[in-house]
Participant: 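Pasting a structure below so you can have a look.
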There are 2 protein chains.
Amino acid sequence: MVSVLGYALLGLLARAPSTGYDLTRVLDRDLSYFWSARHSQIYPELARLERGDHVRHTVISGAGPRPTKRYEITARGRDALTAWLVGEPEESIERNPTMLRISSLWLIDRAAARQLLDGVRRRSTDRLSLYRRFAAEFDAEPGSADPSQPAFATRATLEAGIRSQEARLAWCDWLQERLEGSGR
Amino acid sequence: MVSVLGYALLGLLARAPSTGYDLTRVLDRDLSYFWSARHSQIYPELARLERGDHVRHTVISGAGPRPTKRYEITARGRDALTAWLVGEPEESIERNPTMLRISSLWLIDRAAARQLLDGVRRRSTDRLSLYRRFAAEFDAEPGSADPSQPAFATRATLEAGIRSQEARLAWCDWLQERLEGSGR
DNA sequence: AGCAACATGTAAGTCGTTACATGATTTC
DNA sequence: GAAATCATGTAACGACTTACATGTTGCT
């Protein structure tokens, strides 16, 4: 039994062998816009994946107080990952704090509503420009057009992020018009 | 200290007094497309909100083995809710299993990729038609155009859902073209 | 010499899900 | 009279966050 976090780690390890620290940089610090995890979750999960023979490690030289471990995916791990990709999707339980706030928008006056909406718009704008910058970098590389390359998949997730933020910004305009339009 | 789930419950109770069972129907079964919770989480959370004087209950006649409790929001609860609405947003940690799958799309062949993408498209289409049906119902009512009515806020979240799904479907088309276009 | 980055682990606590438990009222 | 719905609670477990703990290497 592999958890979703386990599949996230397998997906990264299928791209390149990495240390737990490398994986943490991707999932905690960097561009973790569709999955995130802290190192305190990642290290135990790697140990569990190893117990299930989905990854294996070799000790390499490194700067930590403990032995530095370089993990790589096993054949069994790769099989489990590809089986999951086309398998039944988990019920994605949406938990969207922004929309939760919006659902109580009727409680506050127009000025407060504008403030709330401006915050949403600003964060969305920031996200969008970040994604567009990354997407441009990928488009400059050759691998991003080849479906068998990791860069292709990353570019696809970036496109989803871009379109999602564009849609949200258009929604902000729609809502603002409805707010201002009413003689409240 | 009120949790996000606490604010979700306060938001519902600000609309109408309810039993824990009523709240469960909304957050677990019904249209819980931006927040969800099970009854085992809701009942203890209501008790905690009551300890903090954010809600209060009165016992009414009902069909359960225990006394049926009708909760209503207090002035303090309403203040906490409106303060949260315009306060600092929590870091919304995106956890998107669909995009996690897509990020490993490069591992599988064209047929499997098409299968994965078709699943995404189908679920998105279903969601979209559901949201559109609900939105049409709201548009028929008068309150949905008045920003001080709960129906206005619900209609706004529905619009966000609609636009989000439309964007995802357009993204599916984009990705499919890029997949088929390459002579893989 | 000092600081940032490297590097891995555990512990305590919160949030959320699944399962256990119970029994009255309404509908067919 | 059987089944669905109403109605509230607890227990065990898994997922995730925050905090504790430690020490090396490389850069300035």
Side-chain angles (χ1 to χ4, degrees), chain A residues 1-9 12-13 17-30 32 34-52 55 57-71 90-97 100, chain B residues 1-9 12-13 17-30 32 34-52 55 57-71 90-97 100:
Chain A
M1 279 305 304
V2 179
S3 66
V4 181
L5 172 61
Y7 289 118
L9 298 178
L12 290 172
L13 290 173
S18 316
T19 65
Y21 190 83
D22 293 335
L23 298 170
T24 300
R25 271 202 322 241
V26 176
L27 288 175
D28 190 13
R29 291 215 268 267
D30 276 9
S32 56
F34 53 82
W35 207 266
S36 69
R38 313 283 161 139
H39 79 272
S40 61
Q41 211 186 347
I42 289 169
Y43 289 116
E45 186 65 34
L46 283 170
R48 207 175 319 148
L49 286 172
E50 188 152 44
R51 281 200 297 280
V55 304
H57 83 264
T58 53
V59 172
I60 59 170
S61 71
R66 293 189 190 73
T68 299
K69 297 173 180 175
R70 182 176 162 284
Y71 283 92
E90 41 276 308
E91 304 279 315
S92 84
I93 316 102
E94 303 285 337
R95 283 217 173 76
N96 189 328
L100 186 58
Chain B
M1 279 305 303
V2 178
S3 66
V4 181
L5 171 60
Y7 289 117
L9 298 179
L12 290 172
L13 290 173
S18 316
T19 65
Y21 189 85
D22 293 335
L23 298 171
T24 300
R25 271 200 325 239
V26 175
L27 288 174
D28 189 15
R29 294 214 267 267
D30 276 9
S32 56
F34 52 81
W35 208 266
S36 68
R38 313 282 162 147
H39 79 273
S40 61
Q41 211 185 349
I42 289 169
Y43 289 116
E45 186 65 34
L46 282 171
R48 207 176 318 147
L49 286 172
E50 187 151 43
R51 281 200 297 280
V55 303
H57 82 263
T58 52
V59 173
I60 60 170
S61 71
R66 293 188 190 75
T68 298
K69 297 174 180 174
R70 182 177 162 282
Y71 284 92
E90 41 276 308
E91 305 278 313
S92 85
I93 317 104
E94 302 285 335
R95 283 214 174 78
N96 189 329
L100 186 58

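Below, chain A is the first sequence line, B the second, and so on; all start at residue 1.
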Participant: Check this one for me: any side-chain N or O of A:R25 less than 4.0 Å away from OP1 or OP2 of C:dC6?
Facilitator: yes

Participant: On DNA chain C, compare the nucleotides closest to B:A37 and B:G62; which residue's is nearer the 5' end?
Facilitator: B:A37

Participant: Atom CG of A:D28 to atom P of C:dT8: distance rounded to whole Å?
Facilitator: 14 Å

Participant: Need to verify one output field. Residue with the more 5' nearest nucleotide on DNA chain C, B:L5 or A:A63?
Facilitator: A:A63

Participant: Any side-chain heavy atom of B:L9 within less than 4.5 Å of one from B:L27?
Facilitator: yes

Participant: Rounding to a whole Å, what distance do you find between B:L23:CG and D:dA7:P?
Facilitator: 12 Å

Participant: Hey, could you give me the OG/CZ distance between A:S32 and A:R25, rounded to the nearest 0.5 Å?
Facilitator: 13.0 Å

Participant: For B:R95, answer base if it contacts any base atom (sugar-phosphate contacts may also be present), sugar-phosphate if it contacts only those atoms, and nothing otherwise; contact means non-hydrogen atoms under 4.0 Å.
Facilitator: sugar-phosphate

Participant: Using a 4.5 Å cut-off on heavy atoms from C-beta on, say whether the side chain of A:L23 contacts that of A:L46.
Facilitator: yes

Participant: Are the side chains of B:S36 and A:E94 in contact, using a 4.5 Å heavy-atom criterion?
Facilitator: no

Participant: Within this structure, what is the CG-to-C1' distance between A:L27 and C:dA7, rounded to whole angstrom?
Facilitator: 16 Å

Participant: Hey, what are the protein-to-nucleotides 9-11 of chain D N/O distances that come in under 3.5 Å?
Facilitator:
residue : atom : partner : partner atom : Å
D:dG9   : OP1  : B:K69   : NZ           : 2.7
D:dG9   : N7   : B:H39   : NE2          : 3.4
D:dG9   : O6   : B:H39   : NE2          : 2.7

Participant: Given C:dT8, is OP1 or OP2 found less than 4.0 Å from the side-chain N or O atoms of A:Y21?
Facilitator: no

Participant: Between C1' on D:dT8 and CG on B:L46, what's the gap in Å once rounded to a whole number?
Facilitator: 11 Å

Participant: Taking for each residue the nucleotide of DNA chain D with the nearest heavy atom, is it A:S36 or A:P65 whose nucleotide lies nearer the 5' end?
Facilitator: A:S36

Participant: From the options B:R48, B:E50, B:E45, select the one residue that forms a side-chain contact (heavy atoms from CB on, under 4.5 Å) with B:V55.
Facilitator: B:E50

Participant: B:Y71 versus B:D22: any side-chain heavy-atom pair under 4.5 Å?
Facilitator: no

Participant: Would the number of heavy atoms belonging to other residues, nucleotides or ligands and lying under 6.0 Å from CD of A:E91 be above 12?
Facilitator: no

Participant: In whole Å, what is the span from the CD1 atom of A:I42 to the P atom of C:dA7?
Facilitator: 14 Å

Participant: Can you check the B:R48 CZ to C:dC15 P distance for me, whole Å?
Facilitator: 6 Å

